[in-house]
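Atoms within each ligand, like the ligands themselves, are counted from 1 in listed order. This one's a predicted model, so the numbers in the text were calculated from it and none came from an experiment.
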Amino acid sequence: MSMDLFGGRRLKMGIWGLGRGSAFINSARALGIDIVAGCDFDDHVRNKFHEICPEAVLTADEDEFFKMDFEAVLVSTYCPNHAADTMKALRMGKHVLSEVTAFFTPAQGVALVEEVEKRGLVYNLAENYPFTKINMYLARLYKQGLFGELAYAEFDYVHGGANPCTSYLDGTPVIPGNQLHHWRGWLNYHYYCTHSLGPVMIISGLRPEKVTAFPEDVYCKGTVHGKGRKVDGIVPNLCAFAPSLIQMSNGSIVRNLMGGSVSDSHQKRFFGTKAAYDGKYLHIGGGNAGPRLDIDPQWDEMGEAAEKAGHGGGDFWELYYFARQIITGEKAPWDIYAASDVTLAGIQA
Ligand SMILES: NC(=O)c1ccc[n+]([C@@H]2O[C@H](COP(=O)([O-])OP(=O)(O)OC[C@H]3O[C@@H](n4cnc5c(N)ncnc54)[C@H](O)[C@@H]3O)[C@@H](O)[C@H]2O)c1
């Protein structure tokens with residue numbers, strides 16, 4: 001059942017790239033957003049999408065897609081193509097929610113910022129990790145002043161090795177060789193920096209300003225696996241660690257760790273000048289003398305709907321903020337400038 005969020009005003013949306021794009025169907029339904037069109041040139045991906053969203057008209061051809069009647073588009077195409085694809089969507093007069101990351105080179109970033117400013121359309125980055133229950137809870141505490149100011153944080157986005165080079169995201173094998181030139185097979189993991197740095201930016205409200213990193217030379221061998229196993233974006237070439245140190249705009253330091261390894265790590269540690277979160281407990285005050293609190297994070301308003309929409313709730317919130325900005329004009333967290341900040345930190349690393 002969908003909510004009557006914006007005075008009954010419904011938004012018509014298209015999805016370009018129907019793999020990850022399909023993760024938004026439940027959230028869209030819950031928010032009263034109509035997914036009317038979809039585009040993917042891969043038959044397997046298109047057919048899968050049709051099974052779960054039969055109401056959308058699907059095409060393999062992007063020009064056909066843009067002739068359809070919708071006002072906003074989710075750009076969920078190949079990661080290094082997001083800037084070019086977003087530029088096209090903006091030129092076609094659509095508001096854009098772009099999957100991470102925003103662009104692949106700084107020059108593309110400049111062109112994209114100029115295009116967004118020129119068009120006056122809404123641009124948001126679909127960075128969802130700040131909107132999990134725990135990260136929204138930490139953001140609320142930070143806003144209330146509990147942490148003081150950020151001094152140091154460590155956030156991880158590390159996955160256990162799996163191999164979608166040889167399979168679709170649902171595990172179905174693709175023709176050998178077909179996917180081996182896919183961006184997941186060659187992109188340095190530093191580029192995929194937003195799921196770990198993004199939450200720190202949203203919790204603290206700070207911008208990344210300086211970045212330093214060492215290259216890593218030790219690689220795990222990837223595993224090729226069959227149908228049915230859960231996969232999440234790691235291939236042999238990405239089975240390495242990509243840590244960077246980032247100085248934020250208040251002088252604090254963030255250790256941003258991405259990578260693919262033998263196991264997942266999504267740890268977070270967040271030290272403020274008055275309190276800290278160690279991944280499990282909140283520590284208040286200094287010198288180990290203050291209380292250690294076992295916390296039970298709660299959602300903001302609408303959290304139940306976010307939870308039901310799946311994927312930790314993050315997709316629901318980013319879609320909500322995007323629709324809200326289009327309909328009411330209220331600014332969403334990931335505008336083009338925040339999107340540029342978070343994307344550049346990875347490129348520079
Ligand atoms: N926020 C998250 O949690 C999360 C999770 C997974 C993926 N992603 C991001 O979403 C994006 C899509 O990821 P994915 O996992 O679906 O893998 P992917 O990169 O293989 O997806 C691209 C999809 O778009 C289609 N496509 C690309 N260019 C096209 C074009 N010009 N016309 C028609 N179809 C085209 C491809 O056939 C493919 O199905 C990636 O950028 C990825 O970084 C984000």
Do F241 and V158 pass the side-chain contact (heavy atoms from CB on, under 4.5 Å) test, and can you show the C-alpha distance, the side-chain angles, and the key distance before you say yes or no? CA-CA 8 Å; F241 288 97; V158 177; 4.0 Å; yes
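- Here's the thing with L18: none of its N/O atoms is less than 3.5 angstrom from an N/O atom of ligand 1.
- Among the atoms of V45, none of the N or O lies under 3.5 angstrom from an N or O of ligand 1.
- Checked by atom type and distance alone, the side chain of D34 never pairs as donor or acceptor with a backbone atom of V36 at under 3.5 Å.
- Using a distance-only test at 3.5 Å, with no hydrogens or angles considered, no donor-acceptor pair links the side chain of H283 to the main chain of G290.
- For ligand 1, the atoms sitting less than 4.0 Å from at least one non-hydrogen atom of N128 are 1 (N), 2 (C), 3 (O), numbered in the order shown with element in parentheses.
- Using a 4.0 Å cut-off to heavy atoms of G19, the atoms of ligand 1 that qualify are 16 (O).
- At a 3.5 angstrom cut-off on N or O pairs, D85 does not count as close to ligand 1.
- Within the 4.0 Å heavy-atom cutoff, H195 counts among the residues contacting ligand 1.
- Counting heavy atoms closer than 4.0 Å to ligand 1, residue E99 contributes side-chain atoms (C-beta onward) but none from N, CA, C or O.
- Atoms of ligand 1 lying under 4.0 Å from at least one heavy atom of C39, given by number and element, are 33 (C).
- Salt-bridge check for E114 with K118: failed, with every basic side-chain N at 4.0 Å or more from each acidic carboxylate O.
- Counting heavy atoms closer than 4.0 Å to ligand 1, residue T77 contributes atoms from both its backbone and its side chain.
- Ion pair K88/D85 not flagged as a salt bridge, since none of the NZ, NE, NH1 or NH2 atoms sits closer than 4.0 Å to an Asp/Glu carboxylate oxygen.
- Proximity of a side-chain donor or acceptor of Y142 to a complementary backbone N or O of L150 within less than 3.5 Å is detected.
- Heavy-atom separations between W16 and ligand 1 include at least one value shorter than 4.0 Å.
- Residue contacts with ligand 1, taken as heavy atom pairs separated by less than 4.0 Å, involve H82 solely via side-chain atoms from C-beta onward.
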Please determine whether side chain to side chain donor-acceptor pair (under 3.5 Å) holds for the pair E154 and Y152, giving the CA-CA distance in whole Å, both sets of side-chain angles, and the decisive distance to 0.1 Å. CA-CA 7 Å; E154 297 182 342; Y152 177 75; 2.6 Å; yes
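- Between K48 and D42 there is no salt bridge, since no side-chain N of the basic residue sits under 4.0 Å from a carboxylate O of the acidic one.
- Residue F41 holds the heavy atom nearest to atom 34 (N) of ligand 1 of all those in F41, F65, Y78, F49.
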